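The chains referred to below are lettered A, B, ... by the order of the sequence lines, with proteins before strands, and numbering in each begins at 1. Everything numeric in this text was worked out from a predicted model, so none of it was measured.
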Protein chains: 2
Amino acid sequence: MLSLRQIEVFHAVMVSGSVSGAARMLNVSQPGLSRLIKYMEQRVGFRLFERRAGRLVATPEAHRLFMEVDLIYQRVGGLDQSIRRIAEGEGHELAVGASPSVGRSLVPRALAELSGTMPGTIARLEILPMNQVQDYLLAGAAEQVVTIFPFEHPLVESQFIGAGRLVCAFRPDHPLAGIADLTVADIAPHGIVAFEPGSPHAQVIESVFSDAGVKPRIAGKVRFAQTACALAESGLGVALVDAFTVMGKAFPDLAVRPLHGTSLFRVELHRHRHLAQSMAGARFAAALRGAMAQAAREDPAMLLAA
Amino acid sequence: MLSLRQIEVFHAVMVSGSVSGAARMLNVSQPGLSRLIKYMEQRVGFRLFERRAGRLVATPEAHRLFMEVDLIYQRVGGLDQSIRRIAEGEGHELAVGASPSVGRSLVPRALAELSGTMPGTIARLEILPMNQVQDYLLAGAAEQVVTIFPFEHPLVESQFIGAGRLVCAFRPDHPLAGIADLTVADIAPHGIVAFEPGSPHAQVIESVFSDAGVKPRIAGKVRFAQTACALAESGLGVALVDAFTVMGKAFPDLAVRPLHGTSLFRVELHRHRHLAQSMAGARFAAALRGAMAQAAREDPAMLLAA
DNA sequence: ATGGGGGCAGAACATGATGTTATGAGGAAC
DNA sequence: GTTCCTCATAACATCATGTTCTGCCCCCAT
């Protein structure tokens with residue numbers, strides 16, 4: 001098969017009309033090209049040029065070959081551009097899934113930073129209920145998924161990003177507002193917003209209360225932490241949620257206090273074990289760690305980076 | 001720029017799914033390919049494969065690149081076929097011009113032989129009056145031109161192919177039919193068919209007669225030797241034409257005798273000095289010489305190969 | 001005609017790409 | 001655990017491609 005170099009040199013000779021001209025075009029010395037053309041003629045099996053009057057004259061066969069070669073040459077020339085575009089992630093779509101709490105706080109921050117460093121890349125963020133996380137990942141619908149609960153699957157590779165405490169959120173006029181260091185016992189008398197059994201929040205809350213040996217008073221029941229905060233905002237009771245849900249100024253009308261205890265919400269980044277990571281994916285993971293670290297610096301009482 | 005080898009190997013790794021598989025496909029050893037892929041990753045600037053569980057997994061970037069590369073690879077693969085077609089002269093049109101006499105005898109034979117060795121090539125034969133020969137060649141309308149008269153032009157390269165004697169053609173019942181070795185003196189008493197002044201035939205006939213010191217009796221006048229023979233065939237007189245016009249069984253009703261004298265019709269093959277020859281053209285030239293030699297063997301009294 | 005200049009080709013050599021074999025690490029399957 | 005498969009590295013061989021020097025040939029201008 002012809003080498004790309006042969007195609008390149010042949011093209012240059014045809015365009016420039018002489019070996020010397022081609023050598024100048026390609027910034028190499030002339031004798032090498034003379035030899036390469038000779039080899040190329042041996043390979044194709046017919047003369048490409050006649051030596052007439054001390055110069056090269058392309059044969060009709062060379063002209064026919066040139067038409068074919070020119071197409072390839074153009075394409076290969078365009079390849080470098082394609083490579084550059086791919087390297088810049090242009091047009092690449094990074095699909096990320098996240099559970100609701102981090103999906104509204106940490107992950108958007110990481111994606112925003114990513115979008116700064118890779119402007120061509122399109123970020124696609126899907127908020128996933130707990131039971132869809134695995135399917136999303138295994139079906140390849142998302143390259144990575146971020147959750148605030150760990151899980152095990154033989155085809156899923158997970159890494160620990162950071163953790164958030166269980167926090168208490170209530171209206172500033174709530175009786176708890178006066179207490180400095182909240183404990184579970186302090187909360188027990190007041191109505192809380194509970195979660196559907198089986199959800200990560202429900203499990204954490206249950207373990208916290210059972211560790212303290214007290215029973216919670218349940219004033220409401222929701223599926224998502226956002227909803228719990230909404231209820232607390234309207235004065236229904238105390239919301240016990242992960243720190244990510246109330247990160248930043250998400251609920252400015254709520255007072256938030258960490259509940260110091262053993263249980264933490266673990267932020268985990270999950271990837272398909274058998275699928276490779278895109279560059280954008282790698283940067284996203286880094287950005288996520290960065291966002292976690294930044295958040296932990298801003299609020300060390302509630303957040304903890306890996 | 002990526003080398004064709006890199007494209008080839010990358011392609012093989014992508015379709016086979018592993019470096020080892022690619023090595024088997026390409027019939028080379030595996031370590032070389034590992035290294036080549038490594039270099040290629042350095043060149044493109046992003047990871048093409050992740051090493052997961054001891055195997056290679058293509059990154060999303062690699063998949064994008066593959067789509068581009070596959071197109072090139074297909075084209076380059078098709079190039080070999082194109083080269084073969086070009087080498088076989090398939091679809092190539094060889095344009096040849098010829099003056100009338102050889103254009104009806106020698107040149108068709110040579111083209112017929114050429115068509116045998118290069119079946120894909122299309123022969124285009126144009127019979128040219130003398131005054132168009134140069135223009136045809138210089139305009140590039142024909143790659144080669146065959147004439148029975150020499151001419152000089154700085155842009156035209158000519159080579160001698162062979163020669164034919166001036167021959168006498170007359171009906172078998174003509175008085176000359178009884179004479180064994182015809183001379184100009186023998187013809188002088190009889191009416192001949194003359195040519196337009198300036199034509200090669202007119203020049204040769206004139207020189208032959210003036211060398212012999214006799215004047216011809218002119219019974220008719222024509223432009224082409226074919227016409228002269230036609231007149232002779234109808235009994236108008238004696239046709240004095242080049243041997244090529246009566247080669248083979250062109251005029252079965254005419255008796256033909258060579259006229260021994262100094263003047264010969266020189267068959268010359270002309271090419272543009274600054275244009276290269278096609279393979280078909282080169283073979284045609286050889287076939288023409290072969291046809292000339294063959295004809296000379298068949299009729300040594302009238303024809304002479306170079 | 002004659003010398004200068006340009007273009008091509010050959011020789012001799014340097015270097016980098018690409019091939020080889022031997023070997024070891026790591027994971028998967030039995 | 002053992003075996004097999006896959007990949008990576010090292011050390012080396014070979015070939016393509018680059019270099020410089022040189023000579024030949026043709027054209028052109030003096």
Checklist entry - How are the rings of B:F66 and B:F10 set to each other: parallel, tilted or perpendicular (split at 30° and 60°)? => result perpendicular

Checklist entry - Pick the nucleotide of DNA chain D nearest each of B:H274 and A:R5; which residue has the one closer to the 5' end? => result A:R5

Next on the checklist: What is the first contacted nucleotide of DNA chain D and what is the last, in 5' to 3' order, if contact means an atom lying under 4.0 angstrom from a heavy atom of chain A?
Outcome noted: D:dT17 to D:dC27

Checklist entry - Any cation-pi pair here, A:R266 with A:F149, using under 6.0 Å and within 45°? => result no

Next on the checklist: Roughly what angle, to 10°, lies between the helix axis at the start of the helix from C:dA1-D:dT30 to C:dC30-D:dG1 and the one at its end, five pairs per end?
Outcome noted: 20°

Item to check | Polar side-chain atom of A:Q144 near backbone of A:L269 as donor-acceptor pair, under 3.5 Å | outcome: no

Checklist entry - Are any of the side-chain nitrogens in A:R51 or A:E41 under 4.0 Å away from the carboxylate oxygens of its partner? => result yes

Checklist entry - Donor-acceptor pair, A:S278 side chain versus B:P60 backbone, under 3.5 Å? => result no

Next on the checklist: With a 3.5 Å distance limit and no angle check, can you tell me whether B:Q6 reaches the backbone of B:S3 through a side-chain donor-acceptor pair?
Outcome noted: yes

Checklist entry - Given A:L2, which of B:V76, B:I83, B:L4 fulfils the side chain to side chain contact (heavy atoms under 4.5 Å, CB included) condition? => result B:I83

Checklist outcome for this item: Within residues 50-57 of chain A, the residues having a heavy atom closer than 4.0 Å to DNA chain C are A:R51, A:G54, A:R55, A:L56

Item to check | Within residues 15-32 of chain A or reaching into it, pairs that qualify as side chain to side chain donor-acceptor pair (under 3.5 Å) - sequence neighbours excluded | outcome: A:Q30-A:S34

Next on the checklist: With a 4.0 Å cut-off on N to O distance, would you call B:R85 and B:E88 a salt bridge?
Outcome noted: no

Checklist outcome for this item: Outermost contacting nts on DNA chain C, any atom under 4.0 Å from chain B heavy atoms, listed 5' then 3', are C:dT18 to C:dA28

Next on the checklist: On DNA chain C, compare the nucleotides closest to B:L36 and B:P31; which residue's is nearer the 5' end?
Outcome noted: B:L36

Checklist entry - Just checking, is any N or O donor in the side chain of A:S82 or B:E68 under 3.5 Å from an acceptor N or O on the other one? => result yes

Checklist entry - Does A:E157 come within less than 4.0 Å of B:R52, counting only side-chain N to carboxylate O? => result yes

Checklist entry - Base, sugar-phosphate alone, or nothing: which one does A:R35 contact when heavy atoms must sit under 4.0 Å apart? => result base

Item to check | Any side-chain donor near an acceptor of the partner, B:T121 and B:H92, under 3.5 Å | outcome: no

Checklist entry - When you measure from every atom of DNA chain D, which of residues 16-24 of chain B have a heavy atom less than 4.0 Å away? => result B:S18, B:V19, B:S20, B:R24

Next on the checklist: Looking at B:E61 and B:R64, is there a salt bridge between them, counting it only when a charged N and a carboxylate O are closer than 4.0 Å?
Outcome noted: no

Next on the checklist: For the CZ atom on B:R5, are there more than 12 heavy atoms of other groups (residues, nucleotides or ligands in this structure) within a distance under 6.0 Å?
Outcome noted: yes

Next on the checklist: Apply side chain to side chain contact (heavy atoms under 4.5 Å, CB included) to residues A:M118 and A:R283 and explain how you reach the verdict.
Outcome noted: CA-CA 9 Å; A:M118 299 188 72; A:R283 298 234 189 143; 3.3 Å; yes

